2 protein chains.
Amino acid sequence: MNISAASKAAGLPVKTVRYYADIGLVEAPWRSTAGYRTYDDAAVRKLVFVRRSRAFGFSIEGCRELLGLYQDQDRTSSEVKRIASKRLEEIEEKQRELQSLHDELAHLVTSCRGDHMPDCPIIDYLG
Amino acid sequence: MNISAASKAAGLPVKTVRYYADIGLVEAPWRSTAGYRTYDDAAVRKLVFVRRSRAFGFSIEGCRELLGLYQDQDRTSSEVKRIASKRLEEIEEKQRELQSLHDELAHLVTSCRGDHMPDCPIIDYLG
DNA sequence: CCTTGACCTTCCAGTTACTGGAGAGATTAA
DNA sequence: TTAATCTCTCCAGTAACTGGAAGGTCAAGG
(Lines give C-alpha, C1' and ligand atoms only; values in the text may rest on other atoms or scores of the structure.)
Protein backbone atom coordinates (compact mmCIF):
# COMPACT_ATOMS: atom_id res chain seq x y z
CA MET A 1 0.00 0.00 0.00
CA ASN A 2 1.43 3.36 -0.99
CA ILE A 3 0.99 6.34 1.28
CA SER A 4 -2.18 7.69 -0.32
CA ALA A 5 -3.97 4.34 -0.03
CA ALA A 6 -2.84 4.05 3.58
CA SER A 7 -3.94 7.59 4.35
CA LYS A 8 -7.39 6.92 2.89
CA ALA A 9 -7.67 3.66 4.80
CA ALA A 10 -6.65 5.38 8.01
CA GLY A 11 -8.70 8.50 7.47
CA LEU A 12 -5.74 10.83 7.77
CA PRO A 13 -4.21 13.33 5.35
CA VAL A 14 -1.13 12.12 3.47
CA LYS A 15 0.87 14.95 4.99
CA THR A 16 -0.06 13.80 8.47
CA VAL A 17 0.87 10.18 7.75
CA ARG A 18 4.25 11.36 6.53
CA TYR A 19 4.59 13.54 9.60
CA TYR A 20 3.82 10.63 11.91
CA ALA A 21 6.49 8.63 10.12
CA ASP A 22 9.00 11.50 10.43
CA ILE A 23 8.56 11.77 14.19
CA GLY A 24 8.77 8.01 14.58
CA LEU A 25 5.19 7.60 15.77
CA VAL A 26 4.00 5.27 13.00
CA GLU A 27 6.70 4.44 10.51
CA ALA A 28 6.13 2.77 7.18
CA PRO A 29 7.21 -0.86 7.56
CA TRP A 30 8.98 -0.85 4.21
CA ARG A 31 10.19 1.34 1.41
CA SER A 32 9.90 0.42 -2.26
CA THR A 33 13.05 0.39 -4.40
CA ALA A 34 12.15 3.92 -5.47
CA GLY A 35 11.96 4.96 -1.84
CA TYR A 36 8.16 5.03 -1.60
CA ARG A 37 6.74 4.39 1.86
CA THR A 38 4.87 1.10 1.89
CA TYR A 39 2.21 0.31 4.50
CA ASP A 40 0.54 -2.90 5.54
CA ASP A 41 -2.68 -3.52 7.48
CA ALA A 42 -0.92 -3.50 10.82
CA ALA A 43 0.55 -0.08 10.11
CA VAL A 44 -2.83 1.22 9.01
CA ARG A 45 -4.35 -0.07 12.24
CA LYS A 46 -1.74 1.91 14.16
CA LEU A 47 -2.61 5.01 12.16
CA VAL A 48 -6.29 4.56 12.94
CA PHE A 49 -5.39 4.04 16.60
CA VAL A 50 -3.52 7.34 16.60
CA ARG A 51 -6.35 9.14 14.81
CA ARG A 52 -8.86 7.98 17.41
CA SER A 53 -6.52 8.82 20.26
CA ARG A 54 -5.93 12.27 18.83
CA ALA A 55 -9.69 12.73 18.57
CA PHE A 56 -9.84 12.25 22.34
CA GLY A 57 -7.34 15.05 22.63
CA PHE A 58 -4.33 12.97 23.56
CA SER A 59 -1.06 14.68 22.68
CA ILE A 60 1.35 13.04 20.28
CA GLU A 61 3.41 11.90 23.25
CA GLY A 62 0.27 10.54 24.86
CA CYS A 63 -0.50 8.69 21.64
CA ARG A 64 3.01 7.32 21.62
CA GLU A 65 2.50 5.97 25.11
CA LEU A 66 -0.90 4.49 24.29
CA LEU A 67 0.43 2.97 21.09
CA GLY A 68 3.17 1.34 23.12
CA LEU A 69 0.55 -0.26 25.35
CA TYR A 70 -1.56 -1.19 22.32
CA GLN A 71 1.34 -3.25 21.01
CA ASP A 72 2.42 -4.57 24.38
CA GLN A 73 1.04 -8.02 25.12
CA ASP A 74 2.17 -7.65 28.72
CA ARG A 75 0.32 -4.41 29.38
CA THR A 76 -2.08 -4.12 32.26
CA SER A 77 -5.44 -2.44 31.86
CA SER A 78 -4.62 -0.35 34.92
CA GLU A 79 -1.87 1.44 32.97
CA VAL A 80 -4.30 2.25 30.21
CA LYS A 81 -6.97 3.31 32.66
CA ARG A 82 -4.54 5.61 34.45
CA ILE A 83 -3.64 7.43 31.23
CA ALA A 84 -7.24 7.69 30.12
CA SER A 85 -8.33 8.92 33.55
CA LYS A 86 -5.68 11.63 33.45
CA ARG A 87 -7.01 12.78 30.10
CA LEU A 88 -10.55 12.67 31.46
CA GLU A 89 -9.53 14.95 34.30
CA GLU A 90 -7.95 17.36 31.86
CA ILE A 91 -11.19 17.41 29.91
CA GLU A 92 -13.18 18.05 33.07
CA GLU A 93 -10.82 20.86 34.06
CA LYS A 94 -11.23 22.40 30.62
CA GLN A 95 -14.99 22.06 30.92
CA ARG A 96 -14.98 23.94 34.20
CA GLU A 97 -12.88 26.71 32.67
CA LEU A 98 -15.14 26.96 29.66
CA GLN A 99 -18.23 26.95 31.84
CA SER A 100 -17.14 29.95 33.88
CA LEU A 101 -15.94 31.70 30.75
CA HIS A 102 -19.28 31.00 29.14
CA ASP A 103 -21.33 32.22 32.07
CA GLU A 104 -19.36 35.42 32.38
CA LEU A 105 -19.42 36.23 28.69
CA ALA A 106 -23.06 35.22 28.29
CA HIS A 107 -23.96 37.58 31.10
CA LEU A 108 -22.10 40.42 29.43
CA VAL A 109 -23.62 39.72 26.03
CA THR A 110 -27.10 39.60 27.53
CA SER A 111 -26.62 42.90 29.31
CA CYS A 112 -25.38 44.66 26.16
CA ARG A 113 -28.17 46.35 24.30
CA GLY A 114 -26.42 46.02 20.96
CA ASP A 115 -27.69 49.28 19.56
CA HIS A 116 -26.08 52.20 17.75
CA MET A 117 -24.81 53.81 20.95
CA PRO A 118 -21.19 53.43 22.11
CA ASP A 119 -22.04 52.50 25.71
CA CYS A 120 -21.31 48.84 26.21
CA PRO A 121 -20.95 46.74 29.36
CA ILE A 122 -18.67 44.34 27.52
CA ILE A 123 -16.15 47.03 26.70
CA ASP A 124 -16.55 48.46 30.19
CA TYR A 125 -15.77 45.11 31.72
CA LEU A 126 -12.70 44.58 29.57
CA GLY A 127 -11.34 48.09 30.05
CA MET B 1 7.08 53.67 33.49
CA ASN B 2 9.63 51.19 32.24
CA ILE B 3 8.52 47.89 30.83
CA SER B 4 8.76 45.90 34.06
CA ALA B 5 6.61 48.38 35.96
CA ALA B 6 4.07 48.37 33.14
CA SER B 7 4.06 44.61 33.00
CA LYS B 8 3.42 44.38 36.75
CA ALA B 9 0.67 46.97 36.52
CA ALA B 10 -0.94 45.13 33.63
CA GLY B 11 -0.45 41.67 35.05
CA LEU B 12 1.46 40.40 32.04
CA PRO B 13 4.99 39.01 31.64
CA VAL B 14 7.58 41.46 30.34
CA LYS B 15 8.18 39.21 27.35
CA THR B 16 4.52 39.36 26.47
CA VAL B 17 4.37 43.13 26.73
CA ARG B 18 7.36 43.37 24.40
CA TYR B 19 5.68 40.90 22.07
CA TYR B 20 2.48 42.93 21.98
CA ALA B 21 4.58 45.97 21.09
CA ASP B 22 6.41 44.07 18.35
CA ILE B 23 3.20 42.99 16.64
CA GLY B 24 1.78 46.47 16.92
CA LEU B 25 -1.02 45.50 19.31
CA VAL B 26 -0.05 47.78 22.19
CA GLU B 27 3.01 49.86 21.48
CA ALA B 28 4.94 51.83 24.07
CA PRO B 29 3.95 55.49 23.63
CA TRP B 30 7.56 56.64 23.98
CA ARG B 31 11.12 55.49 24.12
CA SER B 32 13.73 56.86 26.51
CA THR B 33 16.98 58.26 25.11
CA ALA B 34 18.53 54.87 25.77
CA GLY B 35 15.77 53.26 23.76
CA TYR B 36 13.81 51.91 26.73
CA ARG B 37 10.10 51.45 26.14
CA THR B 38 8.15 53.90 28.27
CA TYR B 39 4.51 53.31 29.17
CA ASP B 40 1.83 55.58 30.58
CA ASP B 41 -1.47 54.77 32.27
CA ALA B 42 -3.39 54.72 29.01
CA ALA B 43 -1.01 52.14 27.56
CA VAL B 44 -1.29 50.05 30.71
CA ARG B 45 -5.07 50.19 30.44
CA LYS B 46 -4.77 48.85 26.91
CA LEU B 47 -2.54 46.04 28.14
CA VAL B 48 -5.08 45.16 30.82
CA PHE B 49 -7.82 45.25 28.20
CA VAL B 50 -5.88 42.80 26.07
CA ARG B 51 -5.16 40.54 29.04
CA ARG B 52 -8.85 40.35 29.91
CA SER B 53 -9.83 39.80 26.28
CA ARG B 54 -7.28 37.02 25.96
CA ALA B 55 -8.69 35.46 29.13
CA PHE B 56 -12.00 35.19 27.28
CA GLY B 57 -10.16 33.31 24.58
CA PHE B 58 -10.16 36.04 21.96
CA SER B 59 -7.35 35.63 19.46
CA ILE B 60 -4.76 38.36 19.06
CA GLU B 61 -6.60 39.55 15.96
CA GLY B 62 -9.84 39.53 17.91
CA CYS B 63 -8.16 41.59 20.60
CA ARG B 64 -6.91 43.99 17.98
CA GLU B 65 -10.46 44.45 16.74
CA LEU B 66 -11.86 44.89 20.24
CA LEU B 67 -9.09 47.30 21.16
CA GLY B 68 -9.98 49.32 18.09
CA LEU B 69 -13.55 49.58 19.31
CA TYR B 70 -12.38 50.32 22.86
CA GLN B 71 -10.59 53.39 21.56
CA ASP B 72 -13.27 54.35 19.06
CA GLN B 73 -15.63 56.98 20.39
CA ASP B 74 -17.93 56.36 17.45
CA ARG B 75 -18.30 52.63 18.04
CA THR B 76 -21.70 51.10 18.40
CA SER B 77 -22.42 48.52 21.08
CA SER B 78 -23.88 46.30 18.37
CA GLU B 79 -20.41 45.85 16.85
CA VAL B 80 -19.02 44.81 20.20
CA LYS B 81 -21.96 42.55 20.88
CA ARG B 82 -21.54 40.86 17.51
CA ILE B 83 -17.89 40.02 18.20
CA ALA B 84 -18.61 38.84 21.73
CA SER B 85 -21.53 36.73 20.53
CA LYS B 86 -19.33 35.08 17.95
CA ARG B 87 -16.84 34.18 20.64
CA LEU B 88 -19.68 32.92 22.82
CA GLU B 89 -20.81 30.61 20.05
CA GLU B 90 -17.29 29.31 19.66
CA ILE B 91 -17.21 28.58 23.37
CA GLU B 92 -20.54 26.79 23.17
CA GLU B 93 -19.35 24.74 20.22
CA LYS B 94 -16.23 23.79 22.13
CA GLN B 95 -18.38 22.88 25.13
CA ARG B 96 -20.49 20.54 23.02
CA GLU B 97 -17.36 18.89 21.63
CA LEU B 98 -15.88 18.48 25.08
CA GLN B 99 -19.12 17.11 26.43
CA SER B 100 -19.36 14.31 23.90
CA LEU B 101 -15.66 13.60 24.31
CA HIS B 102 -16.14 13.49 28.04
CA ASP B 103 -19.14 11.18 27.92
CA GLU B 104 -17.45 8.78 25.57
CA LEU B 105 -14.18 8.66 27.48
CA ALA B 106 -15.90 8.49 30.86
CA HIS B 107 -17.89 5.52 29.64
CA LEU B 108 -14.73 3.76 28.53
CA VAL B 109 -12.88 4.52 31.74
CA THR B 110 -15.79 3.24 33.80
CA SER B 111 -15.97 0.03 31.85
CA CYS B 112 -12.25 -0.67 32.23
CA ARG B 113 -11.52 -2.81 35.23
CA GLY B 114 -8.04 -1.37 35.66
CA ASP B 115 -6.46 -4.57 36.87
CA HIS B 116 -3.28 -6.45 36.01
CA MET B 117 -4.80 -8.09 32.94
CA PRO B 118 -4.15 -6.79 29.42
CA ASP B 119 -7.80 -6.83 28.32
CA CYS B 120 -9.02 -3.27 28.11
CA PRO B 121 -12.12 -1.75 26.50
CA ILE B 122 -10.28 1.55 26.05
CA ILE B 123 -7.56 -0.02 23.94
CA ASP B 124 -10.18 -2.10 22.14
CA TYR B 125 -12.12 1.02 21.25
CA LEU B 126 -9.06 2.87 19.98
CA GLY B 127 -7.69 -0.04 17.99
C1' DC C 1 9.00 5.19 -27.53
C1' DC C 2 7.30 9.27 -25.63
C1' DT C 3 4.50 12.08 -23.17
C1' DT C 4 1.16 13.31 -19.80
C1' DG C 5 -0.62 13.21 -15.41
C1' DA C 6 -0.85 11.40 -11.02
C1' DC C 7 1.90 10.00 -7.54
C1' DC C 8 5.94 10.02 -4.59
C1' DT C 9 10.20 12.06 -2.36
C1' DT C 10 12.74 15.70 0.62
C1' DC C 11 13.21 20.12 2.48
C1' DC C 12 11.79 24.65 3.91
C1' DA C 13 8.54 27.94 5.64
C1' DG C 14 4.41 29.33 8.01
C1' DT C 15 0.79 28.83 11.51
C1' DT C 16 -0.48 30.80 17.18
C1' DA C 17 1.00 33.23 20.96
C1' DC C 18 4.23 33.35 23.20
C1' DT C 19 8.84 31.84 25.97
C1' DG C 20 13.81 31.23 26.74
C1' DG C 21 18.31 32.59 26.06
C1' DA C 22 22.51 34.95 24.21
C1' DG C 23 25.13 39.03 23.87
C1' DA C 24 25.44 43.70 24.69
C1' DG C 25 24.28 48.36 26.47
C1' DA C 26 22.07 51.31 30.56
C1' DT C 27 21.05 52.37 35.20
C1' DT C 28 21.28 52.21 40.06
C1' DA C 29 22.98 51.17 44.79
C1' DA C 30 26.72 50.24 47.74
C1' DT D 1 34.23 51.33 40.80
C1' DT D 2 31.89 47.50 40.75
C1' DA D 3 28.10 44.45 41.00
C1' DA D 4 23.44 43.72 40.35
C1' DT D 5 19.61 44.65 37.94
C1' DC D 6 17.43 46.49 34.20
C1' DT D 7 16.74 46.87 29.13
C1' DC D 8 17.58 46.16 24.26
C1' DT D 9 17.55 43.14 19.81
C1' DC D 10 17.71 38.94 17.55
C1' DC D 11 17.33 33.97 17.14
C1' DA D 12 15.34 29.61 18.23
C1' DG D 13 11.90 26.58 20.04
C1' DT D 14 7.16 25.10 21.34
C1' DA D 15 2.58 21.58 19.03
C1' DA D 16 0.96 19.43 15.41
C1' DC D 17 0.55 19.92 11.47
C1' DT D 18 -0.09 22.31 6.54
C1' DG D 19 1.34 24.31 2.13
C1' DG D 20 4.44 24.62 -1.45
C1' DA D 21 8.65 24.10 -4.34
C1' DA D 22 11.77 21.21 -6.88
C1' DG D 23 12.47 16.97 -8.57
C1' DG D 24 12.16 11.61 -9.13
C1' DT D 25 8.72 7.50 -10.46
C1' DC D 26 5.13 5.02 -12.59
C1' DA D 27 1.15 3.57 -15.49
C1' DA D 28 -1.68 4.52 -19.42
C1' DG D 29 -2.56 6.35 -23.94
C1' DG D 30 -1.10 7.68 -28.55
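The structure displayed is predicted, hence computed values, not measured ones. All values below come from the heavy atoms of this structure, side chains included, with hydrogens, waters and symmetry mates left out.
Side chain of B:Asp40 to main chain of B:Ala43: a donor-acceptor pair is present (N/O by atom type, distance under 3.5 Å, no hydrogens or angles).
Looking at A:Lys94 and A:Glu97, a side-chain N of the basic residue comes within less than 4.0 Å of a carboxylate O on the acidic one, giving a salt bridge. In summary, B:Arg87 and B:Glu90 engage in a salt bridge, as defined by a charged side-chain N under 4.0 Å from a carboxylate O.
The shortest heavy-atom contact between A:Val80 and A:Arg75 is CG2-CD, 4.2 Å.
Whole-Å rounding puts the A:Met1 CE to D:dC26 P distance at 19 Å.
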Original post:
Nucleotide by nucleotide, 5' to 3', does protein get under 4.0 Å of the base (B), only the sugar-phosphate (S), or neither (-) in nucleotides 5-17 of chain D, counting heavy atoms?
Top reply: -BSSB------BB
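When the shell of 6.0 Å around CZ of B:Arg113 is examined, it contains 12 or fewer heavy atoms from other residues, nucleotides or ligands.
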